[in-house]
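Not measured: the values here are computed from a predicted model. What's counted below: heavy atoms across the whole structure, side chains too, no hydrogens, waters or symmetry copies.
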Amino acid sequence: WLNQSHNACVNYANRNATKPSPTSKFIQGYLGAVISAVSIAVGLNVLVQRANKFTPATRLLIQRFVPFPAVASANICNVVLMRHTELEEGIDVLDNNGNIVGSSRIAAKHALLETALTRVVLPMPILVLPPIIMSILEKTSLLRSRPRMILPVQSLVCLAAFGLALPLAISLFPQMSEIETSRLEPEIAMATTSKTVVYNKGL
């Protein structure tokens, strides 16, 4: 809940804010985002715990990797619900001179898709690499003889993974993304001679 509440605030603060959004929309988006995200995360964990077909060792291994699909799918829900007003009202698109050409729902879809993809990539190194690395390190004589070292070592591994993941995920798509005018609404395509326009996808 805390993690997805933080994500909801990050998604809202880094949205395309060219159009005002009432507080009621924020509250609706927040409740929907957090409830759906927590339900997905908890639901997947419960399914794995109740899976009797797996051996205890296999179940433990799967449980280590469950957080990734849980967090990734929860993050997608969070982005879409916190920024759903962009899909309804569209976002401003600009020509080469920085002039507003119009408001596009198609550009908004592209903005949310790009942002959602970054939210899938972001937890990947954090939730996939540490379980792999720790499963190897835990077998070493150093950690076997010093079990108290497991937590600080795991914290360092997670910190290194996060340091790698954040710039990698954010750099996937530029904040000011470009799209061909012909792919947008006809009224926008007719309103400019530019072959491409740009829009702020948010972070």
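- Counting only distance, with no hydrogens or angles, the side chain of T181 and the backbone of K195 share a donor-acceptor pair below 3.5 Å.
- Nearest approach of T115 to A111, heavy atoms of both residues: OG1-O, 2.8 Å.
- Going from atom CD1 of I100 over to atom OG1 of T192 covers 13.0 Å, rounded to the nearest 0.5 Å.
- Side chain of N97 to main chain of N99: no donor-acceptor pair is present (N/O by atom type, distance under 3.5 Å, no hydrogens or angles).
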How far apart are the C-alpha atoms of V120 and I76, what are their side-chain angles, what is the distance that settles it, and do they pass the side chain to side chain contact (heavy atoms under 4.5 Å, CB included) test?
CA-CA 7 Å; V120 171; I76 291 170; 3.5 Å; yes

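- Here CG of L117 is found 12.5 Å from CG of L122. Values are rounded to the nearest 0.5 Å.
- Counting heavy atoms from C-beta on, the side chains of V80 and R119 never come closer than 4.5 Å.
- Of all non-hydrogen atoms in E86 and A108, the two that sit nearest each other are O-CB, 3.3 Å.
- Both I91 and V101 are members of a single hydrophobic cluster when ILVMFWY side chains are connected at heavy-atom separations under 4.5 Å.
- A continuous path of ILVMFWY side-chain contacts below 4.5 Å connects M134 to M149, so both sit in one hydrophobic cluster.
- Under the side-chain contact (heavy atoms from CB on, under 4.5 Å) criterion, I179 pairs with H110, R183, L184, V197, Y199, sequence neighbours left out.
- Both M82 and I27 are part of a single hydrophobic cluster, where members link through side-chain heavy atoms under 4.5 Å apart.
- The cluster map of Ile, Leu, Val, Met, Phe, Trp and Tyr, joined by side-chain heavy atoms under 4.5 Å apart, puts F173 and V121 in the same cluster.
- Smallest separation of non-hydrogen atoms from P174 and K201: O-CE, 3.4 Å.
- To the nearest 0.5 Å, atoms CD (E187) and OG (S103) are separated by 9.5 Å.
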Please report, to 0.1 Å, the donor-acceptor pairs under 3.5 Å made by any side chain of residues 139-147, with sequence neighbours excluded.
unit_1, atom_1, unit_2, atom_2, d
T140, OG1, L137, O, 2.5
S145, OG, S141, O, 2.8
S145, OG, L142, O, 3.1

Go through the steps for I106 and E185 under the test side chain to side chain contact (heavy atoms under 4.5 Å, CB included), then give the verdict.
CA-CA 7 Å; I106 295 171; E185 292 85 344; 3.7 Å; yes

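- Listed here is the closest heavy atom pair of N96 and S194: ND2-OG, 3.6 Å.
- Residue L168 is not grouped with residue I126 when hydrophobic side chains (ILVMFWY) are merged at heavy-atom distances under 4.5 angstrom, including chains of intermediate members.
- A distance of 9.0 Å separates SG in C158 from CD1 in I133, rounded to the nearest 0.5 Å.
- Rounding to the nearest 0.5 Å places CD of E88 at 8.0 Å from CZ of R105.
- The minimum heavy-atom distance between A161 and P125, with the atom names listed, is CB-O, 3.6 Å.
- To the nearest 0.5 Å, the span separating OG1 on T118 from CG on L166 amounts to 10.0 Å.
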